[in-house]
Amino acid sequence: MSWPQSTASAPEDDHLRSLGYEPELLRRMGPFGNFAVSFSVISVLSGCMTLFGFGLLTGGPAVMMWGWVAVGLAVLLVGASLAEVTSAYPTSGGLYYMAQWLGGPRWGWMTGWLNLLGLLGGIAGIDYGAASFIAAFAGLQWGVDPTPGLILAIFAGVLVLHALLNVFGVRVVSLLNSVSVWWHLLGVALIVGVLAVVPSHHQSLSWVFTHFENGTGWASPVYVSAIGLLLAGYTFCGYDASAHLSEETKDARIAAPRGIVRSIWVSLLAGFVLLAGLLFAVQDYSGTVGAAVPPAQIFLDAVGTTGAKLLLLVVIGAQLFCGSAETTAASRMIYAFSRDGALPGSAMWRRVSANGVPVPAVWVAVSVAFVLAVPSLWSATAYGAVTAVNVIGMTPSYIIPVFLRLRQGDRFVPGPWSLGRWSRPIGVAAVVWVVMLTMLVCLPQRFPVTIDTFNYAPVTLVAVLALAWVWWRMAGDKFSVPVVDDPHLAQVEALIV
């Protein structure tokens with residue numbers, strides 16, 4: 001793997017022009033800021049906390065701890081393969097642009113729709129989770145009843161906040177994400193430190209790493225353990241944000257791929273420490289499983305009401321940073337996809353303000369996310385089905401460019417960040433893992449399977465693909481990724497036409 005020295009940002013604009021785009025966004029983000037946006041979107045203080053109760057039921061501590069390590073290492077392979085392709089094609093379109101030039105327009109179209117709907121589902125899931133934690137805090141502080149209507153109202157406020165923060169400009173976004181990194185790392189250290197020192201009782205090392213629990217209704221421990229991997233699978237999502245911010249990043253051909261890989265391994269370490277700290281501090285397993293917000297119950301049992309409130313504020317802050325970063329990534333994807341004519345109303349969503357921000361794209365991103373959450377008023381199951389599009393959309397979209405890069409073989413010309421001779425074996429392993437993860441996401445998670453326990457993820461996947469196909473038939477001729485000057489890309493275009 002090569003790690004070249006950084007270069008000035010001007011050649012990055014020249015490279016972008018060679019890819020067919022005139023620079024419109026401002027390159028004000030440094031390498032740390034680029035890493036920070038992906039790290040913030042992954043957000044172990046969001047994913048691990050929101051899905052902690054799921055993990056307690058699907059294998060318990062043993063699967064949570066060892067599954068986190070196994071999935072994290074597998075995702076690192078995916079991230080490294082995606083980083084290599086990003087180094088060659090650093091555009092705001094990210095995955096769909098890569099797929100377009102490595103496989104053709106249909107590949108680009110399908111990848112773009114999967115990625116876009118995954119990003120929008122991500123905003124809905126992250127910010128609704130933050131709203132749920134805010135409601136839990138309000139319940140502790142003021143005795144408020146966290147009704148679905150209240151949570152949806154808080155959710156709407158969070159979306160507006162994130163939209164306003166994003167329209168201020170890339171410097172504000174970069175600053176927020178940089179603060180987010182330290183908030184997450186220090187937040188994990190604070191939570192784990194408090195849970196290690198304050199409680200008089202802790203679970204044993206053996207219990208944390210070997211205790212198995214099955215609350216799914218399924219009899220097979222192997223099946224339950226496989227389902228339990230989804231805690232980590234859901235959390236390790238969103239690292240393509242570094243690619244989407246590449247047109248606003250200095251030295252993007254190196255900084256963006258580094259940002260992808262670094263965000264994954266730092267999240268792997270931070271999440272491992274966080275999960276261990278929470279599990280060691282469990283006082284009442286059945287009470288924690290039955291709680292509306294299981295981590296909040298751990299805080300209450302371990303450190304009391306005042307301490308629980310303070311730790312919840314740390315988690316809520318991290319979730320808000322995460323949602324802001326996801327909004328940034330989604331808005332850049334909307335901007336890029338509209339720039340190439342792939343969305344209804346593309347002329348509107350591709351507009352860029354004087355401070356270099358695609359403001360209409362920001363507002364359409366949070367608006368769609370709000371619509372996705374409206375079913376939560378009537379059914380948590382319906383809401384879960386809608387937001388499942390985050391993982392079921394994002395996961396395949398990550399691997400399509402990697403698969404197409406493998407299919408290109410020696411015709412693929414890597415950028416300055418390259419895996420070298422490890423490119424093919426790492427890429428093959430990454431494809432295998434994503435196929436497995438996609439299958440896991442679609443499996444039934446609870447038994448017996450009823451209308452309330454049915455896993456709607458496969459239905460969501462079919463709906464996404466059907467929507468993309470219908471819109472392709474109606475407006476696919478408007479999808480126009482630009483003709484490029486790069487000799488290699490011209491050769492690829494000749495091969496796929």
Side-chain angles (χ1 to χ4, degrees), residues 1-2 15 18-20 74-91 93-116 118 239-240 242-244 246 253 256-257 260-261 264 333 336-337 340 342 392-439 461 464-465 468-469 472 476 479-497:
M1 185 182 299
S2 57
H15 182 68
S18 77
L19 297 178
V75 172
L76 193 57
L77 299 179
V78 179
S81 296
L82 186 61
E84 181 179 52
V85 186
T86 299
S87 183
Y89 309 101
T91 71
L95 309 179
Y96 87 82
Y97 184 91
M98 304 172 198
Q100 160 81 19
W101 286 109
L102 291 173
R106 292 178 186 271
W107 282 104
W109 179 274
M110 192 61 65
T111 302
W113 274 98
L114 287 170
N115 187 222
L116 175 59
Y239 44 86
D240 61 312
S242 288
H244 293 300
S246 58
R253 302 186 75 190
I260 292 172
V261 174
I264 296 171
M333 173 58 188
F337 219 25
D340 291 331
I392 205 67
M394 296 287 274
T395 303
S397 70
Y398 287 157
I399 210 60
I400 290 173
V402 176
F403 166 75
L404 295 174
R405 178 262 175 274
L406 291 172
R407 198 175 68 167
Q408 285 285 319
D410 294 337
R411 298 195 303 272
F412 174 76
V413 179
W417 196 99
S418 172
L419 293 171
R421 62 190 179 91
W422 292 101
S423 179
R424 176 162 290 276
I426 289 177
V428 170
V431 171
V432 171
W433 161 247
V434 170
V435 170
M436 291 174 56
L437 178 60
T438 304
M439 294 172 61
L461 177 60
V464 171
L465 295 176
W469 180 83
W472 171 264
F479 182 49
S480 179
V481 175
V483 177
V484 298
D485 297 327
D486 184 286
H488 165 62
L489 293 181
Q491 293 171 10
V492 173
E493 182 185 14
L495 288 169
I496 62 179
V497 170

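As a basis for the values below, the full set of heavy atoms in this structure was taken, side chains included, without hydrogen atoms, waters or symmetry mates.
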### Query
To the nearest 0.5 Å, how far apart are CZ in Phe337 and OG1 in Thr111?
8.5 Å
### Query
Does Leu419 offer a backbone N or O that forms a donor-acceptor pair with the side chain of Ser423 under 3.5 Å?
no
### Message
Looking at every heavy atom in both Ala342 and Phe479, which two are closest together, and how far apart are they?
### Response
CB-CD1, 3.7 Å
### Query
Side chains of Pro90 and Leu19: does their closest heavy-atom pair fall under 4.5 Å?
yes
### Query
Would you say the side chain of Asp240 lies within less than 4.5 Å of the side chain of Ile260, judging by non-hydrogen atoms?
no
### Query
Is a side-chain donor or acceptor of Tyr89 paired with a backbone partner of Leu102 at a separation under 3.5 angstrom?
no
### Query
Could you state the interatomic distance from CZ (Phe403) to CD (Gln408), rounded to the nearest 0.5 Å?
11.0 Å
### Query
In Å and rounded to the nearest 0.5 Å, what is the CZ to CH2 distance from Arg106 to Trp469?
10.0 Å
### Task
Could you tell me whether the side chains of Asn115 and Tyr96 share a donor-acceptor contact shorter than 3.5 Å?
no
### Reported CH2-to-CE distance for the pair Trp113 and Met333, which is rounded to 0.5 angstrom
9.0 Å
## Note on the structure
When every non-hydrogen atom of Gly103 is compared with those of Arg407, the smallest separation belongs to CA-NH2, 3.9 Å
### Over all atoms of both residues, closest heavy-atom pair of Val428 and Leu406
N-CD1, 3.8 Å
## Note on the structure
Shortest non-hydrogen pair, Gly94 vs Ala243, comes out as CA-CB, 4.4 Å
### Task
Say whether, by atom type as modelled, one donor and one acceptor occur between the side chain of Ser397 and the main chain of Met394 under 3.5 angstrom.
yes
### Query
Is a donor on one side and an acceptor on the other found under 3.5 Å between the side chain of Ser246 and the backbone of Thr91?
yes
### Query
How many angstroms lie between CE in Met98 and CZ in Phe412, if you round to the nearest 0.5 Å?
9.0 Å
### Task
Please name the pair of heavy atoms, one in Gly415 and one in Ser418, separated by the smallest distance, quoted to 0.1 Å.
O-CB, 4.1 Å
### Task
Flag the pair Leu82 / Leu95 as yes when at least one side-chain heavy-atom distance between them is below 4.5 Å, and no otherwise.
yes
### Set of residues satisfying ring-ring contact (aromatic ring centres under 6.0 Å, His included) with respect to Trp433, sequence neighbours excluded
none
### Query
Are the side chain of Arg253 and the backbone of Trp417 linked by a donor-acceptor contact shorter than 3.5 Å?
no
### Query
Below 4.5 Å, heavy atoms only, C-beta onward: do Leu465 and Leu114 meet side chain to side chain?
yes
### Query
Going by heavy atoms in the side chains, are Thr438 and Val435 under 4.5 Å from each other?
no
### Task
For Ala83 and Val261, work out which heavy atoms get closest and say how close.
CB-CG2, 3.9 Å
#### Entry: Approximate separation, where rounding is to 0.5 Å, of Met110 CE and Gln100 CD
13.0 Å
### Task
Please examine the side chains of Val78 and Val402, heavy atoms only from C-beta on, and report whether any two atoms are closer than 4.5 Å.
no
